*Asks:* 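Sending over a structure as structure tokens; questions will come in a sec.
Residue numbers begin at 1 in each chain, while the letters A, B, ... track the order of the sequences. It should be emphasised that the depicted structure is a prediction, and the values quoted were computed from it without experimental measurement.
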Amino acid sequence: MDVRVRFAPSPTGFLHLGGVRTALFNWLFARNEGGKFLLRIEDTDKERSEKRFEDDILQNLEWLGIVPDEPIIRQTDRLDAYEKFLKQLLEENKAYYCFCSSKELEEEYQAQLSQGIIPKYSGKCKNISKENLEIKLKSSSAVIRLKMPERIISFSDMIRGKVEFDTKLFGDIIIAKGLREPLYNLAVVVDDEEQRITHVIRGEEHLSNTPKQIVIQEALGFPLVTYAHLPLILGADKKKLSKRFLTNSLSDYKNKGYLPSAVLNFLVLLGWHPKEDREVLSIFEMVNEFAIKRVQKAGAVFNPEKLDWLNFMHIRAMDSEELSKNLIPFVPTDWLSDSAKFNRSVIISKDRLKNLCDFQNDSKFIFTLPEYKVETIPWKDTTQQDAIKNLKNILDLIKNEIDENFPSTELKDAILKFADEEGRGNVLWPLRTALSGMESSPGPTDLLYVLGRAESIERINIALRKLEVSS
RNA sequence: GGCCCUAUCGUCUAGUGGCUAGGACAAUGCCCUUUCACGGCAUAAACAGGGGUUCGAUCCCCCUUGGGGCUACCA
């Protein structure tokens, strides 16, 4: 049978790292097995579901390249199906209406607690007579409960092995607030059947929902599915990342300049590891090597430093044209007016970029020479006169340069030869500071390359003027 | 409280009934070097505790402890 998996987020918050990881593992499993990956929006909670959250989830998944193989379905579009199966359960006497108010339920719960009994629903609405039921349904609101068979539910989890629960502890759970208001456990089971899902891969927080869903599947006569419960992603406090905290929403990472491949690489390593000691993986490699048997059981704390490093590695692995494209949203539009210069600036900073966001700050000096003090120009304890002399010499070398490919190898060699004669720091430091206006920057030949001949000359002249005025 | 899951360096992890317990991030030091990065080379850093099983346990079993999840008319 072909593998069919799904990611089923509820649009009650922005897409967050934990959700992406679940989606990723499903997607990788499907790709690796040659199966299908589906997407389902679980929007049965009308109070908390919002369109903007759904949009956020969809947009970000697309940005990551995790796209479904079949049309997306929404639970609010499937009310007829839930109603049908709810009626079936009611008719077969596997479920019943419950009229208890939340106040009554709360009192019952507290009473059980104080008596030291395991709290669960007493089942007092189970045996309401037909006539009474019809009268009550007209006058008061009712929820639908499943008659929970009392037995041990056992299933084999692909990651955890055999897991057992005693349903006796659950009581008759509520599966719907009304015929057209299903609750999570019912809706999931009905939709997984509709989408012919073979493997349910989801976060560990759902482990204790699984026996309830198995009971519903059995009551409905649905085939069983295989489960895999992923370890949770934990914050620094070891608590699970929750969608209710905006801090880990994926858009934040996107906006900070993390690459999709880096985010995915980082997330795949949280709970999974390839056979060898490689950690920097392309998406292609992740798909090829993913194996659910190698998924970890314990929760994983995520550390942002490793994400930064992976992002750095993925940026380096990218070709510079591709990187330029990715950088466009992160720079002021006027940088783009000289596209050749922009491309050169990308080339020289490609190997020093931790994220796309840094580029603007790191490269600002290329597009606008910053204000700087004359004291920064001379090297260590050399004099301003030394700096003037050396810069003038270099200026001559540059002016004599006729090669169109600026700076030519000859020019670079000439500068280096001169620097060796005069002392490297004594020549290269003033050159670099004159070109960049900065205490730290890429090397002088990179700067000549990115600025071009005319602007290089101009900047050296500016430095010379500063030096001459102050001496 | 109850139920369930879980346990190797600070973090992510590899690993096996017998290993000097391996790698990566981060940290520290040194080297490279005109600066900042990069890179190179080192250093420090872990099998939670207690019982078993065994000739031998980090690895298998049990208990304890720690951590986490669930315990909604949320998902």
*Asks:* For B/A21, which nucleotide is its Watson-Crick or G-U wobble mate, given both distances must be under 3.5 Å?
*Replies:* none

*Asks:* Checking base pairs now: Watson-Crick or wobble, both atom distances under 3.5 Å. What partners B/A27?
*Replies:* B/U43

*Asks:* Nearest to the side chain of A/K239, which nucleotide is it out of B/U35, B/G68, B/C12?
*Replies:* B/G68

*Asks:* To the nearest Å, give me how far apart CZ (A/R74) and P (B/A75) are.
*Replies:* 17 Å

*Asks:* Could one point to a donor on the side chain of A/D351 or the base of B/A37 with an acceptor on the other under 3.5 Å away?
*Replies:* no

*Asks:* Distance under 6.0 Å and angle within 45° of the ring axis: does A/K466 meet both against A/Y372?
*Replies:* yes

*Asks:* With RNA chain B as reference, determine whether A/S440 or A/A298 sits nearer its 5' end, using the nearest nucleotide of each.
*Replies:* A/A298

*Asks:* Indicate yes or no: at least one non-hydrogen side-chain atom of A/L467 is less than 4.5 angstrom from one of A/V374.
*Replies:* yes

*Asks:* Within the structure, does a side-chain N or O atom of A/Q75 lie under 4.0 Å from either OP1 or OP2 of B/A75?
*Replies:* no

*Asks:* Please write out the pairs of protein N or O atoms and N or O atoms of nucleotides 25-27 of chain B separated by less than 3.5 Å, giving the distance to one decimal.
*Replies:*
unit_1	atom_1	unit_2	atom_2	d
B/C25	O2'	A/K306	N	3.3

*Asks:* May I ask you to verify whether the side chain of A/R352 and the base of B/C38 hold a donor-acceptor pair under 3.5 Å?
*Replies:* no

*Asks:* Test A/K212 against every option in A/T210, A/N209, A/V215, A/I214 by the side-chain contact (heavy atoms from CB on, under 4.5 Å) rule and name the one that passes.
*Replies:* A/N209

*Asks:* Say we look at B/G67 and B/A48: how far apart would their C1' atoms be, to the nearest angstrom?
*Replies:* 11 Å

*Asks:* How would you list, by chain and number, every residue that makes a salt bridge (Lys or Arg N to Asp or Glu O under 4.0 Å) with A/K138, sequence neighbours excluded?
*Replies:* none

*Asks:* Taking the nucleotide of RNA chain B with the closest heavy atom to each, which residue, A/W272 or A/L113, is nearer the 5' end?
*Replies:* A/L113

*Asks:* Check whether any side-chain N or O of A/R294 sits under 4.0 Å from OP1 or OP2 of B/G15, and answer yes or no.
*Replies:* yes

*Asks:* Provide, to the nearest angstrom, the distance between the CD1 atom belonging to A/I174 and the P atom belonging to B/A72.
*Replies:* 10 Å

*Asks:* If you take the centroid of each ring, where Trp contributes its six-membered ring, are A/F290 and A/W272 closer together than 6.0 Å?
*Replies:* yes

*Asks:* Run through A/N390, A/L464, A/L431 and flag the one making a side-chain contact (heavy atoms from CB on, under 4.5 Å) with A/L395.
*Replies:* A/L464

*Asks:* Looking only at the side chain of A/L183 (C-beta and beyond, no hydrogens), which of the listed nucleotides B/A14, B/C70, B/C74 gets closest?
*Replies:* B/C74

*Asks:* Can you check the A/M438 CE to B/A37 C1' distance for me, whole Å?
*Replies:* 12 Å

*Asks:* Aromatic rings A/Y258 and A/Y253: how do their planes relate, parallel, tilted or perpendicular, breaks at 30° and 60°?
*Replies:* tilted

*Asks:* Reckon A/K275 has a side-chain N or O less than 4.0 Å from the OP1 or OP2 of B/G15?
*Replies:* no

*Asks:* Using the P atoms only, state how far B/C59 lies from B/G15, rounded to an integer number of Å.
*Replies:* 16 Å

